[in-house]
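Here is the structure we will look at, set down as C-alpha cells.
Remember, it's a predicted structure, so these values are computed and weren't measured experimentally.
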Amino acid sequence: MPPTHHLTPTHLTPAKPDAVGPAVVPVEAVAPLMRGITVLLRLTEAGGTSSLSALEKATGLARSTVDRIAATLARMGYVRLDGRDAVLTPRLMELGNAYLAALRLPRLLDGRADALADELDESVSLAVGDRDGIRFIHQATRRRAMSLSFRIGDLLPAERTAPGPLFATQWTDEDWTRWRERRAADPEDHGFPAVPPREHPTGDEEFEERTREAGARGWALDDQLIEPGLVAVSVPVRDRGGRIACVVSVVSHTSRHTADSLRDTLLPRLRATVRAMERDLRDAPAQQPAAPAAPAGLATWTGASKHELGREFIESLARGLTVITAFGEGRAELTLTEVAQATGLARATARRALITLEHLGQVAAHGRTFTLTPRVLALGFPPLSRTTLPQIAAPHLAELADRLHDSASLAVLAGDEIQYTARVATSRIMSVNITVGTRFPAYATSLGRVMLADLTEAERDPLLTGLHALTPHTVTDPAALTATLDRVRGAGYALVDGELEEGLRSIAVPVRDRTGRVVAAVNVAMHSSRRTVEQCLGEVLPELATTAGRIEGDLRVAGRFARVPVA
C-alpha cells in the first residue's frame, strides 16, 4: 500500500499539548473522529465528569454535535450519561491499555519499580518522552498526607521535571525548535493541567544547561521545579540500542529530603535498580507477532447501533476509536491491512482513521507500519487510573437496585468482618438500613460467606472460631459452617436467611479480579416477606450474577496497568 499522508512535526504541534486544533488538516481526515477526541480530551481535563453544556463551551462544538458524540461514546461504553452530565467509564481505559501493552515497559519493569518504592519508602515513577513533555506510564506511590498526586497518563512539561533533561539529550533540532515555540506561546504552562501554572517563568538557557549536565552525569534532579516542596532524582533506562526507553524517578518531599540528600542517599540504589531493569530489557525475548486477530465484527455492530439510534450514533467516531484497540502486546506495529483485519473495517475506512489519528498525534507512521504514541493516554487514562472498586461498582449497583427494587451493596472482607464500601438503597417503608462503612460478622452474612469460601483452609480456619449466635438461625458450628462454605464455593453464590437478623434475607455473589481472586462481593438484601427463597434464586440471582460480571469486566480493564483500590 502507499504510505499514508505524513505531517511535519510543526503540523503536529497544537497550541495546547493535547488539543485538536492544528491549522493543517489532511484532506482525508475524519472530522467526526476529531470532534469525538476533542470531547474526550476536554472530559479528561475536567477530571472525568462534565455537564454537556460545559463540554459545548469547552470544545466550541454545537450542542447537538456534543449530544451525538456523547450518545455514541455511551453506546461504546466509554461514557455514562448521568442526568445532564457525561462521566468517563473504566471501559475507556482499553485505549490506553492498548498503548501500554504494545509498549511492554510497564509489564517488564513495574515489579522492580514497586520493589524500589517499598525499599526506599518513597514514590517511584516510570515516564516516557512525549514530544517536548514527559508522560507517566507507571506510579508506585506512598500513602502519606503529602504524597505524589501525579497519575498514569499525566503530561508534564519537560523543563519542570527531572526526566525532562534526560529525554532532551536525544532531541533533534526540530524538537528544540518546537519546545521553544511552545514555551513562547505558553510561558506559564496553562496547557499542562497536571501541574500548577508557573508563577515565575525562566529563560530557555536554564533547561539547556540542565540538559547538558544530565548528558554528562547520566542522571538529573528536580529541585522544586513543579511546586515548592517536591524533589526528585531520575536515571534513564536504555534499551538494547542505547536509546532511552523510559526514565525512573524517585520522588520525595523536602520534609524528608533535600534535592542534595535525595541524590546522595538514594541515587546509588536507584542506579542499581536501573541496571537490573536494563538487564530485564536485554534478556526479554523479542516480541513475537501475535496471531492475526479475529475480525471484531465492528462493522456489523456499528451498523446495528446506527439502525437503532439513527443519527444520534456516529459510526465513523466509533470505528475510528476502535482502530486504537487493534494494537497491543505482540501488535506494537501494524500495517494498514492488519488494522483492517483486526477491526473488520474496510481498508479505506481504516486508512482514513489512521490518517486522522496520526494527525492528532495518537498514531505515528513508519513507512508501511503504524504505532501508537503516548498521547493515547490523554484519552481519559489519568482520572480513570485512580478509580476505586466502589466507584466502578456504584453505577452497576444502581442499575441492579432499579431493576429489582431492592437494596444492592458491595463489601470487602476486613479480618473476620465484612465492610460495606458501596451501597444503593431503595425508598421503601420497610427497607434494609445499612450505610457505607458498616461492619458485620462475615460468617453470618451472604457477602461474607462468598468471600470466606475463596480463602484457603489455613486462611479461613482462624476466622471461624469463637462464633456466637446472632439469631436462633445463625450457624455457629465451625464444621457445619465449613461445609456450608464448601457448598458456596461450588455453587458460586450464598443465600443467608435470618442468620444476621430475623426477617432479613440476602443473596450474594463474588467479584473477582484479573487473576480470578475474590476481592469483594455484591448482594441484594430484602425483608423475607418480599421474596421466597425460590424467587431469590430464580429472579434475583441471575440479575446479581450479571451485575457482578459487569463490575468484573470494568475491573479487568481498569486493573490491567493501574492499581484499583478495593475500598
Side-chain angles (χ1 to χ4, degrees), residues 3-14 16-22 26 29-30 33-34 36-38 40-41 44 92-106 126-138 151-158 163-164 167-168 170-172 174-175 178-179 182 191-192 194 239 243-247 287 320-329 331-336 338-339 350-351 353-382 385 561:
T4 63
H5 178 85
H6 286 272
L7 301 173
T8 66
T10 300
H11 291 150
L12 288 173
T13 307
K16 220 173 184 182
D18 287 314
V20 184
V30 182
L33 176 56
M34 295 176 65
I37 287 179
T38 300
L40 287 176
L41 292 174
T44 300
L92 180 63
M93 293 176 75
E94 71 181 12
L95 302 181
N97 285 346
Y99 164 73
L100 293 171
L103 184 66
R104 295 181 74 200
L105 292 177
L126 302 179
V128 294
D130 187 351
R131 300 186 187 170
D132 59 356
I134 67 115
R135 202 178 288 273
F136 294 110
I137 59 170
H138 181 72
R151 306 157 299 183
I152 298 174
D154 272 337
L155 179 70
L156 277 60
F167 286 115
Q170 298 183 158
W171 283 1
T172 65
E174 286 182 324
D175 294 328
R178 182 170 60 240
W179 174 75
R182 187 263 295 166
F192 294 87
D239 61 21
R243 298 281 297 175
I244 297 177
C246 67
V247 170
Q287 191 168 194
L321 289 175
T322 306
V323 163
I324 294 174
T325 65
F327 296 83
E329 187 163 1
R331 302 190 306 278
E333 290 187 276
L334 296 177
T335 64
L336 169 60
E338 289 168 335
V339 171
R351 181 174 183 272
L354 287 166
I355 288 174
T356 307
L357 293 170
E358 183 191 1
H359 172 63
L360 300 179
Q362 273 84 27
V363 163
H366 311 277
R368 297 173 64 87
T369 62
F370 301 87
T371 60
L372 297 180
T373 75
R375 190 146 296 201
V376 171
L377 293 174
L379 303 178
F381 214 92
S385 68
F561 293 104

Considering residues at least two apart in sequence or located in another chain, which fulfil the side chain to side chain contact (heavy atoms under 4.5 Å, CB included) criterion with [X]?
| X | result |
| --- | --- |
| Thr44 | Leu88, Pro382, Pro383 |
| Ala29 | Val25, Pro26, Met34, Thr356 |
| Ala158 | Trp171, Phe207 |

Close side-chain approach of [X] and [Y], heavy atoms under 4.5 Å:
| X | Y | value |
| --- | --- | --- |
| Val363 | Leu372 | yes |
| Ile355 | Arg351 | yes |
| Val339 | Phe327 | yes |
| Cys246 | His138 | no |
| Phe381 | Val376 | no |
| Leu156 | Asp154 | yes |
| Val323 | Leu357 | yes |
| Leu95 | Gln362 | no |

Closest heavy-atom pair and its distance - [X], [Y]:
| X | Y | value |
| --- | --- | --- |
| Ala332 | Thr371 | O-CG2, 3.4 Å |
| Leu105 | Ala245 | CD1-O, 3.4 Å |
| Ala365 | Glu358 | CB-OE2, 3.8 Å |
| Val30 | Ala353 | CG2-N, 4.3 Å |
| Ala326 | Leu334 | O-CD1, 3.4 Å |
| Tyr99 | Pro374 | OH-CG, 3.3 Å |

Would Ile134 and Val128 count as a side-chain contact (heavy atoms from CB on, under 4.5 Å) if you check the C-alpha gap in whole Å, the side-chain angles of each, and the deciding distance to 0.1 Å? CA-CA 6 Å; Ile134 67 115; Val128 294; over 6 Å; no
Residue list, side chain to side chain donor-acceptor pair (under 3.5 Å) with Asn97, at least two apart or on another chain: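 Counting only residues at least two positions away or on another chain, Asn97 forms no side chain to side chain donor-acceptor pair (under 3.5 Å).
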Apply side chain to side chain donor-acceptor pair (under 3.5 Å) to Glu94 and list each qualifying residue two or more places apart in sequence or on a separate chain.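 Result, side chain to side chain donor-acceptor pair (under 3.5 Å) vs Glu94: Tyr78, Arg91.
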Main-chain N/O of [Y] paired with [X] side-chain donor or acceptor, under 3.5 Å:
| X | Y | answer |
| --- | --- | --- |
| Arg135 | Gly153 | yes |
| Arg178 | Arg131 | no |
| Thr373 | Ala364 | no |
| Glu338 | Thr335 | yes |

Asp132 and Asp175: CA distance, side-chain angles, deciding distance, side-chain contact (heavy atoms from CB on, under 4.5 Å) verdict: CA-CA 7 Å; Asp132 59 356; Asp175 294 328; over 6 Å; no
State the CG-CD distance between Leu103 and Glu329, to the nearest 0.5 angstrom.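 Reported value, rounded in 0.5 Å steps: 10.5 Å.
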Could you walk me through whether Leu377 and Phe561 pass the side-chain contact (heavy atoms from CB on, under 4.5 Å) test, one step at a time? CA-CA 12 Å; Leu377 293 174; Phe561 293 104; over 6 Å; no
For the pair Leu155 and Asp130, evaluate side-chain contact (heavy atoms from CB on, under 4.5 Å) and give the outcome as yes or no after the intermediate values. CA-CA 8 Å; Leu155 179 70; Asp130 187 351; 3.9 Å; yes
